Amino acid sequence: MMIGLTGGIASGKSSVAKMMEELGLPIVDADQVARDVVEPGMPAYEAIVTHFGTGVVNDDGTLNRKALGSIVFQQEEERRVLNEIVHPAVRRQMQQQKEQLIRSREKTIVFDIPLLYESNLFYLVEKVLLVYVDEHTQLQRLMNRDQAGKDDAIHRIRSQRPLESKRDRADAIIDNSGTLDATKRQLIDILKRWKVIPEDQ
């Protein structure tokens, strides 16, 4: 079974991914893959430098994400170019990791994809597991976590699709507004229901 784990910024998705890993489930982490494919020497890295120039490269040869970010956040067209370089490379790499895990006889694979809805990647997975918190909790947690000002935190939350609007297409929802124990209990109940882990676990 391919499970798509998703949420929103400061929703606690990473905590749930960690719990799933502790339960022995293999995780394909889209964020990590996105970092890997733009390492020096990778085709996506070469394509980025060719298009955006050496101004987006640090002295040590790695990508200067801040410089690149300031270009693409202000220019829609440049953001599209970057996405067209990075997204296919990420999908290919995730596909390779999935095939490797299938060859290793894994019965369940978890795709940790923060922007599963925004990038419409439903075709990659069979079940969608949404980690949900209400907007007030999300805002408080983001401000506490990143020491972000309220306006900055609101802006970052609004740059993603609202969690509320993601509920409809989720196969299961974990309400992460309470304690981590409560979250883990919900996760275990869902995984038992999906027959991913045995009833007596």
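What you are looking at is a predicted structure, and each value in this text was computed from that prediction instead of being measured. Hydrogens, waters and symmetry mates are skipped; everything else that's a heavy atom, side chains included, is used.
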- [ ] Test Asp181 against Thr179 for side chain to side chain donor-acceptor pair (under 3.5 Å), laying out the working first.
- [x] CA-CA 5 Å; Asp181 277 350; Thr179 63; 5.4 Å; no
TODO: For side chain to side chain contact (heavy atoms under 4.5 Å, CB included), just list the numbers for Arg185 and Ile188, CA-CA rounded to whole Å, side-chain angles, deciding distance to a tenth of an Å, and then say yes or no.
DONE: CA-CA 5 Å; Arg185 275 199 302 278; Ile188 286 172; 6.0 Å; no
- [ ] Determine, step by step, whether Val86 and Ile48 satisfy the side chain to side chain contact (heavy atoms under 4.5 Å, CB included) criterion, reporting the C-alpha distance in whole Å, the side-chain angles of both residues, the deciding distance to 0.1 Å, and the verdict.
- [x] CA-CA 9 Å; Val86 175; Ile48 289 167; 4.0 Å; yes
Task: Asp36 and Met42: CA distance, side-chain angles, deciding distance, side chain to side chain contact (heavy atoms under 4.5 Å, CB included) verdict - done: CA-CA 8 Å; Asp36 293 344; Met42 298 294 276; 5.7 Å; no
Task: Derivation and outcome, side chain to side chain contact (heavy atoms under 4.5 Å, CB included), residues Val38 and Ile85 - done: CA-CA 10 Å; Val38 295; Ile85 294 170; over 6 Å; no
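Counting all heavy atoms, side chain and backbone alike, Ala44 lies closest to Ala89 at CB-CB, 4.2 Å. Taking both residues in full, the closest heavy atoms of Val110 and Met20 are given as CG2-CE, 3.7 Å, listed atom of the first, atom of the second, then distance. Across all their heavy atoms, Leu142 and Ala153 have their closest contact at CD2-O, 3.6 Å. The shortest non-hydrogen separation linking Ala172 to Trp194 is CB-CZ2, 3.5 Å. Shown here for Ser15 and Leu180, the closest heavy-atom pair between the two residues is CB-CD2, 4.1 Å. Taking every heavy atom of both residues into account, Arg141 and Ser177 meet most closely at NH2-O, 3.5 Å.
Defined by atom type and a distance below 3.5 Å, a donor-acceptor pair is present between the side-chain atoms of Asp60 and Thr62. Under 3.5 Å, the side chains of Gln100 and Arg103 contain no donor-acceptor pair of N or O atoms.
Using a 4.0 Å cut-off between charged side-chain N and carboxylate O, Arg80 and Glu84 make a salt bridge. In summary, Glu39 and Arg35 do not engage in a salt bridge, as defined by a charged side-chain N under 4.0 Å from a carboxylate O. At a threshold of 4.0 Å, the pair Glu135-Arg158 counts as salt-bridged, since one of the basic side-chain nitrogens sits closer than that to a carboxylate oxygen.
Put simply, NZ on Lys184 and NZ on Lys18 are 9.0 Å apart, with the number rounded to the nearest 0.5 Å. Taken to the nearest 0.5 Å, the CD1 atom of Ile154 stands 8.0 Å off from the CE atom of Met143. For the atom pair CG of Leu187 and CE of Met19, the computed distance is 7.0 Å after rounding to the nearest 0.5 Å. Rounded to the nearest 0.5 Å, atoms OG1 (Thr6) and CG (Leu115) are 7.0 Å apart. Rounding to the nearest 0.5 Å gives a distance of 8.5 Å between NE2 of His51 and CD1 of Ile71. In this structure, OG in Ser70 is found 9.0 Å from NZ in Lys66, a value given to the nearest 0.5 Å.
Linking Ile, Leu, Val, Met, Phe, Trp and Tyr whenever their side-chain heavy atoms come within less than 4.5 Å puts Val90 and Leu116 in one cluster. Grouping the Ile, Leu, Val, Met, Phe, Trp and Tyr side chains by contacts below 4.5 angstrom, directly or via other members, places Ile102 with Phe111. Placement of Ile27 and Leu191 within a single hydrophobic cluster is found when ILVMFWY residues are connected by side-chain heavy-atom separations under 4.5 Å, directly or transitively. With hydrophobic clusters built from ILVMFWY side chains whose heavy atoms lie under 4.5 angstrom apart, Ile113 shares a cluster with Val37. Criterion: ILVMFWY side-chain heavy atoms under 4.5 Å apart, direct or through other members. Under it, Leu130 and Ile9 are not part of a common hydrophobic cluster.
Between Leu124 and Met2 there is no side-chain heavy-atom pair separated by less than 4.5 Å. Side-chain contact between Val196 and Leu23 is absent, with no heavy atoms from C-beta onward closer than 4.5 Å. You'll find the side chain of Asp31 stays beyond 4.5 Å of the side chain of Asp112, heavy atoms only. Between Pro88 and Arg92, some side-chain heavy-atom pair lies under the 4.5 Å cut-off. Counting only heavy atoms from C-beta outward, the side chains of Gln97 and Gln32 never approach each other to under 4.5 Å. Contact annotation: the side chain of Tyr45 approaches that of Val57 to within less than 4.5 Å [non-hydrogen atoms, C-beta and beyond].
Under a 3.5 Å cut-off, the side chain of Glu118 and the backbone N or O of Arg161 do form a donor-acceptor pair. Of the possible donor and acceptor atoms, one in the side chain of Asn176 sits under 3.5 Å from a partner among the backbone N and O of Ser11. Judged by distance alone, the side chain of Lys192 and the main-chain N or O of Glu199 form a donor-acceptor pair under 3.5 Å. Of the possible polar contacts, none joining the Lys13 side chain to the Leu5 backbone as a donor-acceptor pair under 3.5 Å is found. For the pair Asp171 (side chain) and Val128 (backbone), a donor-acceptor distance under 3.5 Å is present. Remark: side-chain polar atoms of Gln186 are paired, donor with acceptor, to backbone N or O of Asp175 under 3.5 angstrom. Within the 3.5 Å criterion, the main-chain N or O of Lys166 finds a donor-acceptor partner in the side chain of Tyr117.
For Phe73, the CZ atom counts as loosely surrounded, since its 6.0 Å shell holds 12 or fewer non-hydrogen atoms of other residues, nucleotides or ligands.
Of the candidates Met1, Glu126, Met94, Lys98, Lys98 is the only one forming a side chain to side chain contact (heavy atoms under 4.5 Å, CB included) with Ile109. Exactly one residue among Asn83, Leu82, Val81 makes a side chain to side chain contact (heavy atoms under 4.5 Å, CB included) with Arg79. That residue is Asn83.
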